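Below is one structure; the comments refer to it alone.
On a predicted model such as this, the values are computed, not experimentally measured, just so you know.
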Amino acid sequence: MLKELGPGLRLTIIFTVLTGLLYPAVMTGVSELIFPKQANGSLITVNGKVVGSALIGQPFAKPEYFHPRPSAAGNGYDATASGGSNLGPTSAKLLRGTIKMDDKKNEIVDFDGINLRIVHYCVDNDIPYESSVPLDQFKDSHGDLNDVKLIKAFNDDKAPLLFSAKASIPPDAVTASASGLDPHISPANAETQASRVAKARGVSADQVKQLIPQSTDRADLGFLGEPRINVLMLNIAVDQKFPVSK
């Protein structure tokens with residue numbers, strides 16, 4: 001019996017060493033030699049400090065920064081939970097959002113939904129809108145919108161909140177990518193946000209908009225994909241050109 005098992009055991013050990021140790025080691029070494037930046041995660045450094053990766057989106061919420069597209073990966077842009085919502089275009093959850101109870105029995109947002117994203121995008125970027133109910137009814141004592149109240153209003157079966165923008169909103173501004181890690185936004189999305197960023201930095205919108213074409217990556221090989229802007233790289237450029245006064 002041992003005579004029959006011997007060849008199989010030896011082959012297992014040989015291929016484990018070849019494919020499990022030698023091959024990965026050689027590929028890693030070749031990658032480090034030829035593509036060192038990509039092999040190390042395409043990390044971006046500013047003043048000697050790593051601020052992120054060019055391949056993975058990250059949250060930017062302050063008004064002086066361009067905001068990324070929404071993310072459904074974990075709690076947002078979580079590389080260990082990459083994925084989309086898997087919700088179809090007719091899904092009530094996708095459109096209206098849902099809430100849940102946390103450990104302390106407080107109502108919190110479970111899934112924000114496209115309607116809520118449109119509200120915030122309009123309010124944040126001064127886009128005119130129509131609302132069946134004044135948004136002031138959904139603000140807290142600090143003047144901030146209460147997302148839980150808005151989602152409840154959108155899901156009200158008897159008199160649901162109706163909200164619509166009076167101007168076109170780029171799709172990537174209110175929809176998540178399939179990976180949830182997309183680091184890019186469309187030029188149209190950046191153009192819409194430019195006025196808010198400029199106002200927060202005390203410069204003109206035209207000054208900020210000048211950085212958008214400079215930060216736009218064209219379609220690969222001229223025809224693969226769409227023009228896109230890496231949000232992290234654009235925000236770095238804005239920080240360098242128009243630093244925020246502290």
Would you say the side chain of [Y] lies within less than 4.5 Å of the side chain of [X], judging by non-hydrogen atoms?
X	Y	result
T175	I114	yes
I229	S186	no
Y77	P183	no

For [X], which residues count as a side chain to side chain contact (heavy atoms under 4.5 Å, CB included) partner, sequence neighbours excluded?
X	value
A165	C122, I127, I169
L224	D220, L221
L162	S132

Quiz prompt | Set of residues satisfying salt bridge (Lys or Arg N to Asp or Glu O under 4.0 Å) with respect to D136, sequence neighbours excluded | solution = K139
Quiz item: If you link I, L, V, M, F, W and Y whenever their side-chain heavy atoms are under 4.5 Å apart, who else ends up in the same group as F15?
Solution: L11
Residues in side chain to side chain donor-acceptor pair (under 3.5 Å) contact with [X], at least two apart in sequence or another chain:
X	result
D126	none
E107	K152
S141	none

Acceptor/donor pairs from residues 208-218 side chains to any protein atom, 3.5 angstrom cut, sequence neighbours excluded:
unit_1	atom_1	unit_2	atom_2	d
Q214	NE2	Q210	O	3.2
S215	OG	L211	O	3.0
T216	OG1	I212	O	2.7

Counting distance only, does the side-chain N/O of [X] pair as donor-acceptor with the main-chain N or O of [Y] below 3.5 Å?
X	Y	answer
R117	N115	no
T45	G48	no
D112	L116	no
Q207	S204	yes
S71	G76	no

Quiz item: Counting only heavy atoms not in Q137, do more than 12 fall under 6.0 Å of its CD?
Solution: yes
Practice problem: Give a yes or no on whether N106 atom CG has more than 12 heavy-atom contacts from other residues, nucleotides or ligands under 6.0 Å away. | Solution: yes
Could you report the tightest heavy-atom contact between [X] and [Y], atom names first, then the distance?
X	Y	value
P160	D157	CD-O, 4.1 Å
A176	A72	CB-N, 4.1 Å
R96	I151	O-CG2, 3.6 Å
K105	M101	O-CE, 2.9 Å
Q193	N125	CA-OD1, 3.4 Å

With the 4.5 Å side-chain cut-off for hydrophobic clustering, are [X] and [Y] part of the same group?
X	Y	result
M27	V17	no
Y23	L21	no
L145	I108	no

Exercise. Please check if any side-chain donor atom of N189 sits under 3.5 Å from a side-chain acceptor atom of D172, or the reverse.
Key: yes
Self-check item: Modelled atom types, side-chain donor and acceptor of D78 and T80, under 3.5 Å
Solution: yes
Exercise. Any ring pair (Phe, Tyr, Trp, His ring centres under 6.0 Å) involving residues 102-153? Give me the pairs, sequence neighbours left out, ordered by first then second residue.
Key: Y129-F163
Practice problem: Would you give the length of the straight line joining atom CG of L94 to atom CG of L87, rounded to the nearest 0.5 angstrom? | Solution: 5.5 Å
Quiz prompt | Nearest-0.5 Å distance that lies between atom CG in N155 and atom CG in L150 | solution = 11.0 Å
Quiz prompt | Salt bridge flag under 4.0 Å for residues R69 and D182 | solution = yes
Under 3.5 Å, side-chain donor or acceptor atoms of residues 232-241 against the rest of the protein: list the pairs with distances, not counting sequence neighbours.
unit_1	atom_1	unit_2	atom_2	d
N235	OD1	F66	N	2.8
N235	ND2	F66	O	3.1
N235	ND2	V231	O	3.4
D239	OD1	Y65	OH	3.3
D239	OD1	R201	NH1	3.1
D239	OD1	R201	NH2	2.8
D239	OD2	Y65	OH	2.8

Name every donor-acceptor pair, under 3.5 Å, that has one atom in a side chain of residues 51-63 and the other anywhere in the protein, sequence neighbours excluded.
unit_1	atom_1	unit_2	atom_2	d
S53	OG	G41	O	2.7
S53	OG	L55	N	3.1
Q58	NE2	V51	O	3.1

